[in-house]
Amino acid sequence: MDLRDAAQELYAVTPRDFTAERTVLVRKAKDAGQKDLAKEIGNLPKPAAGAWAINMLAVHKPEVIDGVVRFGVSLRTAQEEGDAEAFRELGQQRQGQLTSAVHAAKDLASELGAPLSAAAASDVEQTLRAAMADAGAAAAVGTGRLVRGLSGSGFEAVDLTGAIAATGPDDEAGSVSAKAPAKRAAKTEPATTPRAATTSKEKPSREKEPKDEATSLADRRAAKQQAALEEARRDFEAADKDAREAEAAASEAWDTVKELAHRRTNLKSEIEDIKKRLATLEAELIGITRDAESAESDKKRAVRAATQQRRAADQAQRRVERLS
């Protein structure tokens, strides 16, 4: 067992079992004579609730994480290639993808006995949003060893410092995130090259005019494409803000539906209990009614008997009075 294996096993348990499982793994390492490993395992931090939920998706529903990552690749490709139309269209679909993934995380967490709070669900959404925007974050959410939530806008690399447990030089998330900024920088070089060429102090000759005109046309096209991309970004940011507000309302409605469903289930259970109690009381009432009717008959017979005895006693008393 190495630290990566231990972390993979540890971050797959529920939050309430985390400390106990970490203690077990530390003991195993010590028993195996791996004191340094035992110390490293003992230092592994408990994940935040949102990070834990994403780890559970990576373990139990990897297709959800895969869907988020693939969508993010398409979104970033459209942005890097300056495809404004594709970027705008994907931006409109983005919130739906996030909402579906967050609901999957909430449902899974409930199934595992650790329902997510509203804050944890928001952390899940923010982390998955970062995974769509950044390749390094995308790799991080698939490790199953996330310690904290991630945050990113898509215009700069996501900070993964301390975000993944048991990382190493060969860790996939680390290598991807390190390469991502360089890749973006490489794509921006061609846009600056033509401008640099025009700063030459040499007087352009007539032979170079066609080339200069072509360069100028390429610059104009690039500027137009950049302007379209900036407009698409502004549209996306506005739509994204509206979508976040709508999702917050949808999430609140989702929680309300779940709460009402829970209350309805409880009320149905209470009604069933009351119905059973009512049936018992009705049976008891029928028995008491029969007993009351029987007692009423006994009472009437006793009254008649008492009346007859009283009459006999009165007659005897009058006879005594006559004879006295």
Side-chain angles (χ1 to χ4, degrees), residues 1-18 21-22 25 44-77 90 93-117 120-152 154 157-160 162-168 170-180 247 251 254:
M1 177 176 66
D2 61 13
L3 182 60
R4 182 75 61 86
D5 293 335
Q8 210 71 51
E9 183 176 346
L10 180 59
Y11 286 93
V13 303
T14 59
R16 63 176 174 271
D17 297 328
F18 182 88
E21 181 65 19
R22 183 173 58 189
L25 292 172
L44 290 174
K46 185 175 182 179
W52 169 79
I54 290 176
N55 291 339
M56 293 304 96
L57 285 178
V59 172
H60 299 285
K61 293 187 177 181
E63 68 278 5
V64 175
I65 297 295
D66 186 59
V68 169
V69 170
R70 288 178 181 276
F71 186 86
V73 170
S74 298
L75 191 65
R76 293 194 304 276
T77 299
L90 290 169
Q93 299 172 12
R94 182 184 187 186
Q95 194 58 48
Q97 293 283 337
L98 285 170
T99 300
S100 177
V102 171
H103 285 168
K106 292 172 70 174
D107 289 344
L108 179 57
S110 296
E111 291 173 10
L112 295 174
L116 296 181
S117 65
S122 177
D123 192 29
V124 170
E125 180 191 343
Q126 188 174 31
T127 299
L128 294 178
R129 189 183 299 277
M132 285 184 176
D134 180 82
V141 298
T143 63
R145 305 190 310 277
L146 207 60
V147 175
R148 63 169 176 81
L150 306 176
S151 178
V158 173
D159 181 14
L160 299 177
I164 310 169
T167 57
D170 60 337
D171 189 79
E172 181 182 2
S175 62
V176 172
S177 61
K179 294 174 183 177
E247 188 192 7
S251 179
W254 180 274

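The nearest pair of heavy atoms linking L116 to A109 is CG-CB, 3.7 Å. Nearest heavy atom pair, residue E125 against residue L98, reads O-CD2, 4.0 Å. Closest approach of K106 and A121 over heavy atoms only: CD-CB, 4.1 Å. Across every non-hydrogen atom of G113 and R16, the tightest pair is O-NH1, 3.1 Å. Residues N55 and G144 approach most closely at OD1-C, 3.2 Å, considering heavy atoms. F18 and P45 get closest at one heavy-atom pair: CZ-O, 3.3 Å.
Residues that satisfy the side chain to side chain donor-acceptor pair (under 3.5 Å) test with D17, not counting sequence neighbours, are T14. By the side chain to side chain donor-acceptor pair (under 3.5 Å) test, S74 is found to be paired with no residue, residues two or more places apart in sequence or in another chain being considered. Applying the ring pair (Phe, Tyr, Trp, His ring centres under 6.0 Å) criterion to F71, with sequence neighbours excluded, gives no partner residue. Evaluation of the side chain to side chain contact (heavy atoms under 4.5 Å, CB included) rule for A104 yields L57, V64 as partners, not counting sequence neighbours. Evaluation of the side chain to side chain donor-acceptor pair (under 3.5 Å) rule for Q8 yields R145 as partners, not counting sequence neighbours.
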(message) The test is side chain to side chain contact (heavy atoms under 4.5 Å, CB included); show your working for L3 and L44 and say whether it passes.
(response) CA-CA 10 Å; L3 182 60; L44 290 174; 4.2 Å; yes
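At distances below 3.5 Å, at least one donor-acceptor pair connects side-chain atoms of R76 with backbone N or O atoms of M132.
Note on residues 51-67: pairs passing salt bridge (Lys or Arg N to Asp or Glu O under 4.0 Å), not counting sequence neighbours, are D66-R70.
Residues V68 and V141 are not in side-chain contact: their nearest non-hydrogen atoms beyond the backbone lie 4.5 Å or more apart. Put simply, the side chain of L146 reaches to within 4.5 Å of the side chain of T127, judged on heavy atoms.
The line from CG of L10 to CG of D5 is 12.5 Å long, rounded to the nearest 0.5 Å. Atom CD in E111 sits 9.5 Å away from atom NE2 in H60 (nearest 0.5 Å). Taking OG1 of T143 as the reference point, atom CZ of R4 lies at 8.5 Å (rounded to 0.5 Å). Atom OH in Y11 sits 8.0 Å away from atom CZ in R22 (nearest 0.5 Å).
Each of V124, D123, V59, L150 was scored for a side-chain contact (heavy atoms from CB on, under 4.5 Å) with I54, with one residue passing: V124.
Looking at R129 and Q95, their side chains do bring a donor and an acceptor atom within 3.5 Å of each other.
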